[in-house]
Amino acid sequence: EGNYAGVTVGAASACVEADGARIELTDLPGMYSLSPSGPDEEAAGRSLVRGTYDAVVQVADSTNLERHLLLTLQLMQMGSRVVLALNMSDEAGRLGVAVDPVRLGESLGIRVVETVGRTCRGVDALVSAVLAECTSGRPSRRVSFGADMDEVVGRVAAMLPGRLPVDAAFLATALIEGNRAAMDLVTDLSGRETGRSVAEASAEASRRIASLIGGEPVTVFTELRSSIVAGLLREIDPERSRRKASRRGITERIDSVVLHGFWGIPVFALMMYAMFWLTFKASAPASALVSELFGLAGGLAGAILPAGPVA
C-alpha cells in the first residue's frame, strides 16, 4: 500500500550491504511536511529534528512533485544531506509531467535520482547517490523567504543555543510555526528558563508575521515554499504546467467543476435537488408497485395458510 502519510506511525530499521559499506536504514512514517498535521507526521518530524542520521532519502511521487518539493525545501533548510528519489518516474513520463533530474538537482543543490518502485528501476543509482552524499561534506543550500521574513526568523534563531542538531534558521521557523517537537528540543538542550524565553520570542514573531502578511505562520510559510517550488519548476521546464493541464484525467476535470469557487455552489444545489427528486418523485411508481406486490403476496399467503395465530 506504500508508506504514504497516514499509513504508518512507527519507524522500521534494517541494515544492508552496498558497495562494501554497511548502511543502516530507518523507514519513517510517510509525511508531506515537517509542520505536522497528524501523529504520523509528528513522529517522523521528531526523528528528523533530533538529527541522528547521515543523510535523508526523500521518496517523492513524480506525478505530484509540487506537493513533495515543499518537504524537500524544509529538509534543505534543516541542513540535512538530502537525496531526492523521483519515484513513479515512468508514470510521470506517460503523463508528460516528468522533470529533468539533473537540472532539478542543480537548481536545488542536492542529488536527484529517478526510480520506479514497482520494478526497482533506479535503486542501485539511488544507493550510490546516498553513499556519495554521506561522504561529500558539501553544505546544504540556504533557503530564503525574503528579507522581512528572514529578519523575523533571524531574531528567534539568535536566541537558540549554540550547538544544535539542525540549522538554527530552520529551528526558528519551526518554533514560529508552533512545532512542538522543535520546542521540546530547545527545552531539552537549554533548559526550561531559556525555553520559556524562546517560546515568548516565537510568539512575538508569529504576531509580527500576522501583522506584516496576515494569516497563521504555518500557512504563510507554506505559501512561501509553494511560491519557491512553482518558480523553480517554471525555470526548469516552462511548459510543464501546460502539459499537466492538458493531460488531466476525468477525475481532475470533474473536480475542476464541482469544486470550483463559483460553479461549485449551483452544481451542489442541482445535485441535492436531483437527489430529493429521485427519492420522492421518480421513486413513487416503484414504491406503489412494491406496495401492491406486498399486498398481493399477503392475500395469497392468507388464502394458502390455515387459520391460526400466524394468519
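Values below: all heavy atoms of this structure, side chains included; hydrogens, waters and symmetry mates excluded. Just so you know, these numbers come straight off a predicted model, no measurement behind them.
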Can you hop from Met78 to Ile228 via hydrophobic side chains spaced under 4.5 Å?
yes
Scanning both residues in full, the closest heavy-atom pair of Val220 with Gly215 reads CG2-O, 4.1 Å
When you check the side-chain N and O atoms of Ser107 and Glu235, is any donor under 3.5 Å from an acceptor?
no
Where do Glu91 and Thr63 land on the side-chain hydrogen bond (donor to acceptor under 3.5 Å, both in side chains) test, with the steps shown first?
CA-CA 7 Å; Glu91 182 69 11; Thr63 65; over 6 Å; no
When clusters are formed by joining ILVMFWY residues with side-chain heavy atoms under 4.5 Å apart, either directly or through shared neighbours, do Val166 and Met31 land in the same one?
yes
Asp188 atom CG: more than 12 heavy-atom contacts under 6.0 Å
yes
Less than 4.5 Å apart, side chain to side chain, heavy atoms only: is that true for Leu71 and Leu34?
yes
List for me each residue that meets side chain to side chain contact (heavy atoms under 4.5 Å, CB included) alongside Asp150, sequence neighbours excluded, and say none if there are none.
Arg142, Ser144, Phe145
Between CE of Met149 and CD1 of Ile209, what distance do you get to the nearest 0.5 Å?
4.0 Å
Validation row: Leu189, Leu160 side chains within 4.5 angstrom (heavy atoms):
no
Flag, side chain of Ser80 to backbone of Val82, donor-acceptor distance under 3.5 Å:
no
Grab the two heavy atoms, one from Gly195 and one from Met183, that are nearest each other, plus how far apart they are.
O-CE, 3.2 Å
Over all atoms of both residues, closest heavy-atom pair of Val113 and Ala129:
CG2-CB, 3.8 Å
Grouping I, L, V, M, F, W and Y whenever their side-chain heavy atoms are under 4.5 Å apart, do Val49 and Val156 come out in a common cluster?
yes
Same hydrophobic cluster for Val123 and Val59, using side-chain heavy-atom links shorter than 4.5 Å among ILVMFWY?
no
Could you check whether atom CD of Glu151 has more than 12 heavy atoms from other residues, nucleotides or ligands sitting under 6.0 Å from it?
yes
Taking side chain as C-beta onward, heavy atoms only, is Tyr32 less than 4.5 Å from Asn64?
no
Closest heavy-atom pair, Glu66 versus Leu233, reported as atoms and distance to 0.1 Å, is CG-CD1, 3.5 Å
hydrophobic_cluster_shared for Leu126 and Leu104, side chain cutoff 4.5 Å:
no
Can you list the steps and then say if Leu65 with Val97 is a side chain to side chain contact (heavy atoms under 4.5 Å, CB included)?
CA-CA 9 Å; Leu65 192 55; Val97 296; over 6 Å; no
I need the Ser35 OG to Glu216 CD distance, nearest 0.5 Å.
12.0 Å
Going through the checks in order, is the side chain to side chain contact (heavy atoms under 4.5 Å, CB included) test met by Val130 and Asp54?
CA-CA 9 Å; Val130 171; Asp54 296 309; over 6 Å; no
Hydrophobic cluster partners of Met275 (side-chain heavy atoms under 4.5 Å)
Phe268, Met272
For Arg207, what residues pass the salt bridge (Lys or Arg N to Asp or Glu O under 4.0 Å) criterion, not counting sequence neighbours?
Glu204
Any residue meeting side chain to side chain donor-acceptor pair (under 3.5 Å) with Arg196, in chain and number order, not counting sequence neighbours:
Glu193
Verdict with supporting geometry, Asp148 and Ile213, side chain to side chain contact (heavy atoms under 4.5 Å, CB included):
CA-CA 10 Å; Asp148 291 338; Ile213 301 176; over 6 Å; no
Using a 4.5 Å cut-off on heavy atoms from C-beta on, say whether the side chain of Leu171 contacts that of Asn179.
no
Treating Ser206 as the side-chain partner and Ile176 as the backbone partner, does any N or O pair qualify as donor plus acceptor under 3.5 Å?
yes
Determine the minimum heavy-atom distance between Leu185 and Pro165, stating which atoms define it.
CD2-CG, 3.9 Å
With side chains defined as the heavy atoms from C-beta onward, is the minimum distance between Thr72 and Ile110 less than 4.5 Å?
yes
Can you tell me which residue pairs pass the side chain to side chain donor-acceptor pair (under 3.5 Å) test with a partner in residues 108-123, sequence neighbours excluded?
Asn87-Thr115, Ser89-Arg121, Asp90-Arg118, Arg111-Glu133
Just how far is it from atom OG of Ser13 to atom CG of Leu28, taken to the nearest 0.5 Å?
8.5 Å
Value rounded to 0.5 Å, distance of CD in Gln74 from OG1 in Thr173:
9.0 Å
Please tell me whether Tyr53 and Ser47 have a donor and an acceptor in their side chains that are separated by less than 3.5 angstrom.
no
Tell me whether Arg141 at atom CZ has more than 12 heavy atoms from other residues, nucleotides or ligands lying less than 6.0 Å away.
yes
Taking atom CD as the centre, does Glu17 end up with more than 12 heavy-atom neighbours from other residues, nucleotides or ligands that are less than 6.0 angstrom away?
yes
For the atom pair CD (Glu42) and CZ (Arg180), what is the distance rounded to the nearest 0.5 Å?
4.0 Å
For the side chain of Thr135 and the backbone of Ala132, is there at least one donor-acceptor N/O pair under 3.5 Å apart?
yes
Decide yes or no for Phe170 and Val143: does some side-chain heavy atom of the first lie under 4.5 Å from some side-chain heavy atom of the second?
no
For the residue pair Leu84 and Ala60, what are the closest heavy atoms and their distance?
CD1-CB, 3.9 Å
Taken to the nearest 0.5 Å, the spacing of Leu75 CG from Leu48 CG works out to 6.5 Å
How about Ser226 and Leu70: do any of their side-chain heavy atoms sit closer than 4.5 Å?
yes
Pairing residues for Asp19 by the salt bridge (Lys or Arg N to Asp or Glu O under 4.0 Å) criterion, not counting sequence neighbours:
none
Are side-chain heavy atoms of Leu86 and Val99 found at a separation under 4.5 Å?
yes
